[in-house]
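See below for the structure under consideration.
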Amino acid sequence: MANTDRGRNLEAFIAGQNSFLDPSGQGADYPHTNDSVRVLTASAEGGSPVELREDKTGSNSAIPGMPQRMTASASVELYLGTTGGATNGPGVIQNILQGAGFEFIDTKTVATTVSGGSSTATKVDCTDSAGLVVGGGIRVENKNYLGEKLEYEVRRIQSIDASGSPHLVQVRPALSFVPANTALVKGCVTAHPADSRDENQNSLSVWVQNDNSFDRALGWVPDTVSISLGGDTAPRVTISGTARSHLRGFATQLSAAISSTADPYEATIQNNRAVGSSSELGVGTHWAIDNEIVSIMAIDTSDPAATKWWLNRAELGSSVATHLINAPVTPYSYGVNFTGGGGEPAPPTSGAVFIAGNYNAPNIGTLQIGATTFDVGAAVGYQEDHHGDAFKVGGYVQTAREVKATMSGWTNLQTLNEGNILDTFNNQISFCIQQGDGLGGIVGVIVPQYLVEVPALDRGADEVTFEFSGRCVASTSDFTEMMIFWG
């Protein structure tokens, strides 16, 4: 048993629950390797807030205090990876974003070509449009790609007219080129904020662990999604929010030897806090005693000196064995599997930023962006019962979203003039940020309508830099605040 928890051994598992109140389903009993997530950081926390008394006398603390409802939360940071293949999906991050209220449109297997020479930067004449979806994404090949421009650009499909030949596919914002005859046209995977998650009460279970301890959050409902593109690192996303309940477990030892003859068997554990303060949440968790894997059937915490566990023996393919007094009892490491999608991070040196004065502008320019961050606030309102201090959340409703973006970079007179984005009285623009280029290696964000609130200039820099902060807004009938794409 390691003397301490080591950060290099961080393992994270995230899976969908049957419902907000029902944690059963894959990943709820114990983490499965196909639910493993390759994270930069991850946490699951619980709290026991206390309200101090106000009728105090003197300068001492206002004791004893009144326990409040217990709280739980979770957060993960990971790369906003590519699909890793022309026909692959975005991997496990899709499950997390769906739990955060995003809806997906998947047309990655659709393939057609440009027909004729009448296409424009906003209209792609296609041989066929079967499988393409309005509101979804499209990848268009630039046949004049010379290594200085992108070979494929991704755009949002505005409309499809399949009444004649060729099929007319309107894209927004405009491409930076005019598609040539026979150029390849392919679908892709997109995600956008939606309003439907509270209809099914979607939620996730989160399990994070190191060598000697673990945290599990059930009923996790992410309400904040933060995406960073550009700068000196590959695209990243941080997803966080509250949960319905929390459990923390950590390594302990046997207070008495146990034999290999009884199943189930009563084991006496030295530390009666090994699975936290809520014993019922520890039932079903897996532990390693020497080389045997056991799971907890029941927990008796009535004895203040030690906790008794009733165990299922020889779990997960292990063999029953005799264990001596003081044998280490550690949270079982389930192992990870990162082959289920997610691709590779897109290099920060790849891609481009395309910007237009408005969503329907016929032309688009490039902007020298250093970095862009998006903050999607998809808050929820919980149905709370405040009687008692246990976890008391019965459901939730989706509240109004708030999507903000901040962009920084170098001034470019031509592009800034074309977009009119330095004019504080004409501050509505549309843009597409794409990182990566080849099929299976593209990721990015499209914002149809961005309201620049503060177009600030740093006039003391060697070359004048800008920073725009503002809000991404939706149309009542046409588009959502933003669209993430993988291509």
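Positions are given from 1, in the same order as the sequence printed here.
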Worksheet entry | Which residues share a side chain to side chain contact (heavy atoms under 4.5 Å, CB included) with S333, sequence neighbours left out | E11, Q209
Worksheet item: Mind checking what makes ring pair (Phe, Tyr, Trp, His ring centres under 6.0 Å) contact with W486, not counting sequence neighbours?
Response: F104
Item to complete: Run through V154, V124, I138, T120 and flag the one making a side chain to side chain contact (heavy atoms under 4.5 Å, CB included) with L175.
Response: V124
Worksheet item: Hey, does the side chain of E153 reach the backbone of S176 with a donor-acceptor pair shorter than 3.5 angstrom?
Response: yes
Item to complete: Could you check if a side-chain atom of V452 sits within less than 4.5 angstrom of a side-chain atom of M407, using non-hydrogen atoms only?
Response: no
Discussion item. Could you check whether any side-chain heavy atom of V140 comes within less than 4.5 Å of a side-chain heavy atom of R155, counting everything from C-beta outward?
Written reply: no
Practice prompt. Report yes or no: does N212 contribute a side-chain atom to a donor-acceptor pair with the main-chain N or O of P331 at less than 3.5 Å?
Written response: no
Worksheet item: Do S430 side-chain atoms and V447 backbone N/O form a donor-acceptor pair below 3.5 Å?
Response: yes
Worksheet entry | Which residues share a side chain to side chain contact (heavy atoms under 4.5 Å, CB included) with D195, sequence neighbours left out | R401
Discussion item. Check whether Q17 reaches the backbone of G219 with its side chain - one donor and one acceptor, N or O, closer than 3.5 Å.
Written reply: yes
Worksheet entry | Closest non-hydrogen atom pair, G135 against M483 | O-SD, 3.7 Å
Worksheet entry | Heavy-atom closest contact (R139 atom, K108 atom, distance) | NH2-O, 3.4 Å
Discussion item. Applying side chain to side chain contact (heavy atoms under 4.5 Å, CB included) to I442 and Q434, what does each step give before you reach the verdict?
Written reply: CA-CA 7 Å; I442 298 172; Q434 177 175 323; 3.7 Å; yes
Item to complete: Check whether any side-chain N or O of D375 sits under 3.5 Å from a backbone N or O of G377 as a donor-acceptor pair, and report yes or no.
Response: no
Discussion item. Suppose we screen for side chain to side chain donor-acceptor pair (under 3.5 Å). Which residues come up paired with N363, at least two apart in sequence or across chains?
Written reply: none
Worksheet entry | Pair S129, H167: side-chain N/O donor-acceptor within cut-off below 3.5 Å | yes
Discussion item. Could you go through V208 and V39, starting from their C-alpha distance and side-chain angles, then the distance that decides it, and tell me whether this counts as side chain to side chain contact (heavy atoms under 4.5 Å, CB included)?
Written reply: CA-CA 10 Å; V208 293; V39 297; over 6 Å; no
Response to the item:
The side chain to side chain contact (heavy atoms under 4.5 Å, CB included) partner of I484 among V225, L80, V376, T190 is L80
Discussion item. Contact between I239 and W220 at the side-chain level, heavy atoms closer than 4.5 Å - yes or no?
Written reply: yes
Worksheet entry | Contacts of R38 that satisfy salt bridge (charged side-chain N to carboxylate O under 4.0 Å, His left out) - sequence neighbours left out | none
Fill in: Reported CG-to-CG distance for the pair L247 and D215, which is rounded to 0.5 angstrom
8.0 Å
Worksheet item: Is any side-chain heavy atom of L218 closer than 4.5 Å to a side-chain heavy atom of R244?
Response: no
Worksheet item: Can you name the side chain to side chain donor-acceptor pair (under 3.5 Å) partners of T399, sequence neighbours left out?
Response: none
Worksheet, complete the sentence: Taken to the nearest 0.5 Å, the spacing of N95 CG from I14 CD1 works out to 9.0 Å
Item to complete: Flag the pair N144 / F177 as yes when at least one side-chain heavy-atom distance between them is below 4.5 Å, and no otherwise.
Response: no
Worksheet entry | Rounded distance [0.5 Å steps], CZ in R156 versus CD1 in I105 | 8.0 Å
Worksheet item: When you look at Q158 and N360, which way does the side chain to side chain contact (heavy atoms under 4.5 Å, CB included) test go after all the steps?
Response: CA-CA 10 Å; Q158 176 79 356; N360 295 311; 4.3 Å; yes
Practice prompt. Search all heavy atoms of S73 against all heavy atoms of A217 and return the closest pair with its distance.
Written response: O-CB, 4.4 Å
Fill in: Qualifying residues under ring pair (Phe, Tyr, Trp, His ring centres under 6.0 Å), relative to F354, sequence neighbours excluded
none
Worksheet item: Between CD1 of I433 and CZ of F485, what distance do you get to the nearest 0.5 Å?
Response: 9.0 Å
Worksheet, complete the sentence: Nearest heavy-atom contact between A361 and T122 is O-CG2, 3.8 Å
Worksheet item: Which residues satisfy the salt bridge (charged side-chain N to carboxylate O under 4.0 Å, His left out) test with E45, sequence neighbours excluded?
Response: R248
Worksheet item: Short question: side chain of T127, backbone of T113 - any donor-acceptor pair under 3.5 Å?
Response: yes
Practice prompt. From the options F214, F250, Y334, select the one residue that forms a ring-ring contact (aromatic ring centres under 6.0 Å, His included) with W287.
Written response: F214
Practice prompt. Side-chain contact test, heavy atoms from C-beta onward, threshold under 4.5 Å: evaluate it for V237 versus L78 and give yes or no.
Written response: yes
Worksheet item: Are L204 and P222 side-chain neighbours, meaning at least one heavy-atom pair lies under 4.5 Å?
Response: yes
Discussion item. I'd like to know whether D125 forms a side chain to side chain contact (heavy atoms under 4.5 Å, CB included) with L168, so could you lay out the CA-CA distance, the side-chain angles of the two residues, the decisive distance to 0.1 Å, and finally the verdict.
Written reply: CA-CA 5 Å; D125 297 345; L168 310 181; 3.1 Å; yes
Worksheet item: Which pair of heavy atoms, one from T107 and one from G137, lies closest together, and at what distance?
Response: OG1-O, 3.8 Å
Discussion item. Is it the case that the side chain of Y450 and the backbone of A405 share a donor-acceptor pair, with hydrogens and angles ignored and the cut-off at 3.5 Å?
Written reply: yes
Worksheet entry | Residues forming a salt bridge (charged side-chain N to carboxylate O under 4.0 Å, His left out) with E103, sequence neighbours excluded | none
Worksheet item: How many angstroms lie between SG in C432 and CD1 in I355, if you round to the nearest 0.5 Å?
Response: 11.0 Å
Response to the item:
Across all chains, not counting sequence neighbours, the side chain to side chain contact (heavy atoms under 4.5 Å, CB included) partners of S469 are T406, V454
Response to the item:
When every non-hydrogen atom of A121 is compared with those of P362, the smallest separation belongs to CB-O, 3.7 Å
Item to complete: For R172, enumerate each residue passing the salt bridge (charged side-chain N to carboxylate O under 4.0 Å, His left out) test, keeping only those at least two apart in sequence or located in another chain.
Response: none
Fill in: N/O donor-acceptor pair under 3.5 Å between E467 side chain and D458 backbone
no
Worksheet item: What pairs with S36 under side chain to side chain contact (heavy atoms under 4.5 Å, CB included), at least two apart in sequence or on another chain?
Response: F13, V336, N337, F338
Discussion item. Can a donor-acceptor pair be found, under 3.5 Å and without considering hydrogens, that links the side chain of E481 to the backbone of E402?
Written reply: no
Worksheet item: Does the side chain of S226 pick up a donor-acceptor pair with the side chain of T238 at under 3.5 Å?
Response: no
Item to complete: State, yes or no, whether a side-chain contact exists between N142 and L150 at a heavy-atom distance under 4.5 Å.
Response: no
Item to complete: First locate atom SG of C126, then atom CG of L132, and finally report the distance between them rounded to the nearest 0.5 Å.
Response: 6.5 Å
